[in-house]
Amino acid sequence: LHDSSCNHVSATPLTRDRTHRARFFLELFAGEGGITRAVLRKGMSAGPAFELRAGPHLDFTKPHVRRLIISWIASERIIAVWLGTPCSPFSVARKGVRNFELALEKDRLGASLAWFSAEVIRTCISHSVAFVLENPLSSRLWKFPPLAEALAHVSVQSVTFDACQYGAPHLKPTRLDGTLPGLSCLS
């Protein structure tokens, strides 16, 4: 179902804050950076697509990179944040672990990134910066207490859909939670 507000959702070209500084979109856990590319194609301004594998300057396992991201959000230079927090440590499909040391390291990293995602979301909410968190519908990430608590804010809406509706080769039931205007149009 689409609500009537979906007819009025459009991409706003570059938005400026009260001091006339350009504001930009930020994608975290970007993978191949597809959301960032789509934002740029719409004529909006975007920061770098942050991804662990993209190099140390974009690696938010590093405290200085995390502080930078949080400071950008708090300074209200960011218009919206899209988070594709890694789901593999929280996957219901994760079974038959053979290498327990590697699994433990994955769990530590997954928890750390989920904590950071919750911090980003709380910062976005407190500074009125739109955000979206994307993950598979079945992901246990949705039940991670700090994240579930942040997403319980009254301004957050939740949308579920099958990714194949938007061209993905598989069904992939997906959930988006966030405050991005027009988000409900995706369901």
Side-chain angles (χ1 to χ4, degrees), residues 5-6 8-87 109-135 141-142 144 146-159 166 174-186:
S5 67
C6 295
H8 306 290
V9 175
S10 64
T12 305
L14 197 58
T15 303
R16 299 193 177 271
D17 67 10
R18 288 174 295 249
T19 62
H20 303 287
R21 292 180 304 180
R23 296 179 72 199
F24 57 96
F25 170 85
L26 192 61
E27 184 179 11
L28 304 179
F29 310 103
E32 301 299 317
I35 301 293
T36 298
R37 283 193 309 278
V39 165
L40 291 170
R41 276 194 307 270
K42 288 292 186 181
M44 298 173 67
S45 184
F50 280 80
E51 175 56 44
L52 295 168
R53 299 177 301 260
H57 61 292
L58 298 176
D59 180 354
F60 30 72
T61 63
K62 309 288 186 227
H64 70 279
V65 175
R66 288 182 180 203
R67 285 190 302 271
L68 176 66
I69 291 168
I70 294 299
S71 73
W72 281 349
I73 296 167
S75 73
E76 299 175 11
R77 294 291 312 275
I78 307 294
I79 193 167
V81 178
W82 190 285
L83 300 101
T85 306
C87 61
L109 178 61
S112 172
L113 297 176
W115 274 100
F116 177 59
S117 295
E119 182 182 7
V120 166
I121 289 168
R122 286 190 306 270
T123 306
C124 285
I125 290 170
S126 68
H127 291 278
S128 300
V129 173
F131 75 90
V132 174
L133 172 64
E134 174 187 5
N135 237 254
L141 181 68
W142 299 113
F144 184 67
L147 207 46
E149 195 175 291
L151 294 171
H153 191 272
V154 67
S155 65
V156 176
Q157 55 186 316
S158 184
V159 174
Y166 296 97
T174 302
R175 177 174 160 184
L176 304 176
D177 279 23
T179 59
L180 188 68
L183 186 61
S184 63
C185 298
L186 296 175

Checklist entry - How far does CZ of Arg66 sit from CG of Leu28, to the nearest 0.5 angstrom? => result 11.0 Å
Item to check | Partners meeting ring-ring contact (aromatic ring centres under 6.0 Å, His included) with Phe25 (sequence neighbours left out) | outcome: none
Checklist entry - At their closest point, which heavy atom of Ile79 faces which heavy atom of Arg23, and how far apart are they? => result CA-NH2, 3.7 Å
Item to check | Ser158 side chain to Asp177 backbone, donor-acceptor under 3.5 Å | outcome: no
Checklist outcome for this item: Of all heavy-atom pairs linking Leu180 and Ala80, the shortest is CD1-CB, 4.1 Å
Checklist entry - With no hydrogens and no angle check, is any side-chain donor or acceptor of Asn135 less than 3.5 Å from a backbone partner on Thr85? => result yes
Checklist entry - Of the non-hydrogen atoms in Val81 and Cys124, which two are nearest, and what is the gap between them? => result CG2-SG, 3.8 Å
Next on the checklist: Restricting to non-hydrogen atoms, name the atom on Glu51 and the atom on Phe60 that form the minimum distance, rounded to 0.1 Å.
Outcome noted: N-CE2, 4.1 Å
Next on the checklist: Are the side chains of Ser117 and Phe144 in contact, using a 4.5 Å heavy-atom criterion?
Outcome noted: no
Checklist entry - With a 4.5 Å limit on heavy-atom distance, are the side chains of Val156 and Ile125 in contact? => result yes
Item to check | Spatial distance of atom OG1 (Thr36) from atom CZ (Phe24) [nearest 0.5 Å] | outcome: 11.0 Å
Checklist outcome for this item: Shortest non-hydrogen pair, Leu26 vs Pro48, comes out as CD1-O, 3.7 Å
Item to check | Note, Val132 side chain near Leu83 side chain (heavy atom, < 4.5 Å) | outcome: no
Next on the checklist: Less than 4.5 Å apart, side chain to side chain, heavy atoms only: is that true for Val65 and Leu58?
Outcome noted: no
Checklist outcome for this item: When every non-hydrogen atom of Ala130 is compared with those of Pro181, the smallest separation belongs to CB-CD, 4.2 Å
Checklist entry - Judged by atom type as modelled, is there a donor-acceptor pair below 3.5 Å linking the side chain of Glu27 to the main-chain atoms of Ala49? => result no
Item to check | Main-chain N/O of Leu176 paired to Glu134 side chain as donor or acceptor, under 3.5 Å | outcome: no
Item to check | Atom pair CG (Leu147) and CD1 (Ile121), whose distance is rounded to the nearest 0.5 Å | outcome: 5.0 Å
Next on the checklist: Between His153 (side chain only) and Ser155 (backbone N and O only), is there a donor and an acceptor less than 3.5 Å apart?
Outcome noted: yes
Next on the checklist: With a 4.5 Å cut-off on side-chain heavy atoms, are Leu151 and Phe131 touching?
Outcome noted: yes
Item to check | Pairwise distance CD1(Ile70) to CZ(Phe116) - rounded to 0.5 angstrom | outcome: 5.0 Å
